[in-house]
Amino acid sequence: MPPSLARPPDGGWGWVVAGSAFVVNGLSYGLLRSLGLALPAFAEYFDRSTQDTAWVSAIALAVQQAASPVGSALSTRWGARPVVMVGGIITSLGFIFSAFASSLLHLYLGLGFLAGSGWALVFAPALGTVSRYFSRRRVLAVGLALTGNGVASLLLAPVLQLLLDAFGWRGALLLLGATTLHLTPCGALLRPLALSGDPTTPPHSPLNALGLTLFTHPAFAVFALGTTLVGAGYFIPYVHLAPHALDLGLGGYGAALVVAGAAVADAGTRLVSGWLADHGWIPLPRLLAMTGALTGLGLVAVGLVPVQEEGWGGTLLAAAGAYGMSAGAFAPLVFGVLPGLVGLGNIFQATGLMMMLMSLGGLLGPPLSGFLRDVTGDFKASFLVCGSFILSGSFIYLTLPGALPPCHSAPSPPTPPPEQGELLPSPESAVVSPREPHSIPNTTC
């Protein structure tokens with residue numbers, strides 16, 4: 001372990017860590033988003049309904065996020081590097097096991113529980129390490145890491161469709177198992193970093209190890225409630241955007257184009273959002289609520305736009321692109337606000353808890369979407385209902401400190417030193433200790 005630093009280096013090896021997290025994000029969420037292209041093949045082979053096959057992605061997503069606090073606790077105890085390396089091996093084994101599935105239950109176990117457990121050990125530790133390496137350019141670095149989602153979706157969506165056509169779903173899963181093994185060398189690049197404010201001893205109780213005591217902070221509790229509602233709708237396009245395009249008459253490659261279009265818009269706006277947030281022109285909680293509301297409206301638009309018969313789906317592609325832009329802008333902000341709520345010393349636990357909260361909605365969202373599709377015959381009601389969940393969560397974000405303008409004039413706080421990179425000042429009433437540079441004031445109007 002290197003000597004303790006007074007503050008994050010804000011660069012250097014941190015850019016290598018951000019690149020590693022970029023690949024980790026692509027081989028987790030990017031792959032999970034593209035996996036929806038294989039669901040119709042599962043439904044046809046096993047002769048099951050859309051709702052039944054949707055549980056494959058739903059379980060993988062729920063396990064990945066619900067078990068994220070475990071990955072965070074292990075990273076707090078032993079460091080992110082070995083945890084991510086082991087997670088890569090487990091994920092690869094999940095895909096290889098699923099390639100030999102003889103029933104849908106085997107896919108639930110392989111892609112759902114095994115691969116999901118591996119993803120739970122890689123994403124939160126990798127992203128938490130990025131936050132520890134940066135201060136002034138933190139949201140930009142997080143946004144760069146999160147573009148791996150969009151870039152991987154752009155590449156994997158047409159590649160997966162090609163693999164399905166050439167080798168069938170079994171061969172495609174085998175090749176994906178080999179691809180996800182690259183998570184292991186990505187974990188090896190996560191060099192440990194010691195900061196002066198880190199705890200000197202590991203947590204002794206399970207509550208502290210998992211970070212459950214963070215729920216005693218009012219601002220984090222508000223953030224938790226809003227994030228749970230957002231998670232109920234945020235991941236629906238990951239699972240059902242491609243089947244929705246297929247239902248509207250687009251072919252396999254047309255559906256892949258829609259998924260790829262959303263991915264391009266998603267990836268581009270993550271960097272723009274991170275750059276904008278790091279300049280501090282708009283308070284970070286307010287920006288979070290604004291982009292969350294636009295994401296909900298974009299999801300509603302995806303469900304409402306018509307597609308002309310014998311067309312190439314330009315209207316759906318435009319709506320999916322609008323959703324991708326808003327969802328991409330939202331992603332780095334929801335992670336970037338965490339250091340201001342809990343401090344860098346608790347960033348691993350907070351990231352894991354946030355993933356777990358989103359899993360509560362993510363577990364029910366895709367099956368609910370599949371159920372509504374089976375009842376109504378299309379995905380229109382699915383996208384409308386799930387878009388309303390995101391809008392509800394965004395309104396709750398408005399109660400975070402700094403999300404709304406103050407109801408009385410107050411002198412502007414002094415600008416913090418540039419090397420600290422504070423987006424929000426740290427008065428005495430902060431959620432965490434006043435000595436912690438990344439804190440959000442826990443005050444009300």
Side-chain angles (χ1 to χ4, degrees), residues 1-5 7-31 64-65 67-92 117-135 137-149 151-152 179-199 202-203 209 211 270 274 331-332 335-336 338-339 342-355 438:
M1 178 69 72
S4 297
L5 301 177
R7 60 176 60 92
D10 208 39
W13 189 261
W15 294 115
V16 178
V17 173
S20 174
F22 173 92
V23 179
V24 168
N25 184 240
L27 293 180
S28 54
Y29 281 107
L31 180 55
Q64 185 262 333
Q65 298 195 173
S68 288
V70 177
S72 300
L74 294 176
S75 298
T76 303
R77 179 63 179 84
W78 286 289
R81 175 183 283 174
V83 173
V84 174
M85 294 178 69
V86 172
I89 297 174
I90 296 176
T91 303
S92 178
S117 298
W119 280 328
L121 298 180
V122 301
F123 183 78
L127 208 60
T129 305
V130 174
S131 295
R132 289 177 57 81
Y133 265 91
F134 289 89
S135 58
R137 292 176 287 186
R138 175 177 297 135
V139 186
L140 177 61
V142 170
L144 174 62
L146 292 179
T147 55
N149 183 340
V151 173
T179 303
T180 54
L181 191 60
H182 289 78
L183 290 168
T184 299
C186 289
L189 296 175
L190 301 180
R191 180 185 296 172
L193 178 67
L195 298 176
S196 59
D198 292 343
R270 293 188 181 210
F335 290 100
L338 283 177
V342 301
L344 282 179
N346 297 313
I347 189 62
F348 282 128
Q349 294 96 328
T351 303
L353 287 175
M354 194 204 73
M355 305 302 296
H438 292 276

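All values reported here derive from a predicted model rather than from experimental measurement. Each residue takes its place number in the sequence, starting with 1.
- For the atom pair OG of Ser72 and CG of Leu121, the computed distance is 9.5 Å after rounding to the nearest 0.5 Å.
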- request: Could you give me the CA-CA distance, side-chain angles and deciding distance for Ser131 and Val142, then say whether side chain to side chain contact (heavy atoms under 4.5 Å, CB included) is met?
  value: CA-CA 7 Å; Ser131 295; Val142 170; 4.0 Å; yes
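- Identified under the side-chain hydrogen bond (donor to acceptor under 3.5 Å, both in side chains) test for residues 12-25, with sequence neighbours left out: none.
- Side-chain contact check for Leu31 versus Thr180: some heavy-atom pair is nearer than 4.5 Å.
- Closest of all the heavy-atom pairs between Val24 and Leu183 is CA-CD2, 3.7 Å.
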task: Begin with the C-alpha distance, continue with both residues' side-chain angles, and end with the deciding distance and a verdict on side chain to side chain contact (heavy atoms under 4.5 Å, CB included) for Arg132 and Ile347.
output: CA-CA 8 Å; Arg132 289 177 57 81; Ile347 189 62; 3.8 Å; yes
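- Smallest separation of non-hydrogen atoms from Pro332 and Gly274: CG-N, 4.5 Å.
- Scanning all heavy atoms of the two residues, the minimum distance from Ala152 to Gly26 falls at CB-O, 3.3 Å.
- The two atoms that bring Ala350 and Val342 nearest to each other are CB-CG2, 3.6 Å, heavy atoms only.
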Which donor-acceptor pairs under 3.5 Å do side chains of residues 80-92 form with protein atoms, sequence neighbours excluded?
from	atom 1	to	atom 2	distance (Å)
Arg81	NE	Ala188	O	3.2
Arg81	NH2	Ala188	O	3.4
Thr91	OG1	Gly87	O	2.9
Thr91	OG1	Trp119	N	3.3
Ser92	OG	Gly177	O	2.6

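- Side chains of Thr129 and Leu193 form no contact here, defined as non-hydrogen atoms less than 4.5 Å apart.
- Between the Asp10 side chain and the Phe134 main chain, no donor and acceptor come within less than 3.5 Å of each other.
- Under the ring-ring contact (aromatic ring centres under 6.0 Å, His included) test applied with Phe123, the options Phe348, Phe335, Phe22 reduce to a single match, Phe335.
- In this structure, Leu181 and Pro185 approach most closely via the heavy-atom pair O-CD, 3.5 Å.
- Listed by chain and number, the residues in a ring-ring contact (aromatic ring centres under 6.0 Å, His included) with Tyr133 amount to none (sequence neighbours excluded).
- How far CG of Leu127 is from CG of Leu146: 5.5 Å, rounded to the nearest 0.5 Å.
- One finds the CD atom of Gln349 at 13.0 Å from the OG atom of Ser68 (value rounded to the nearest 0.5 Å).
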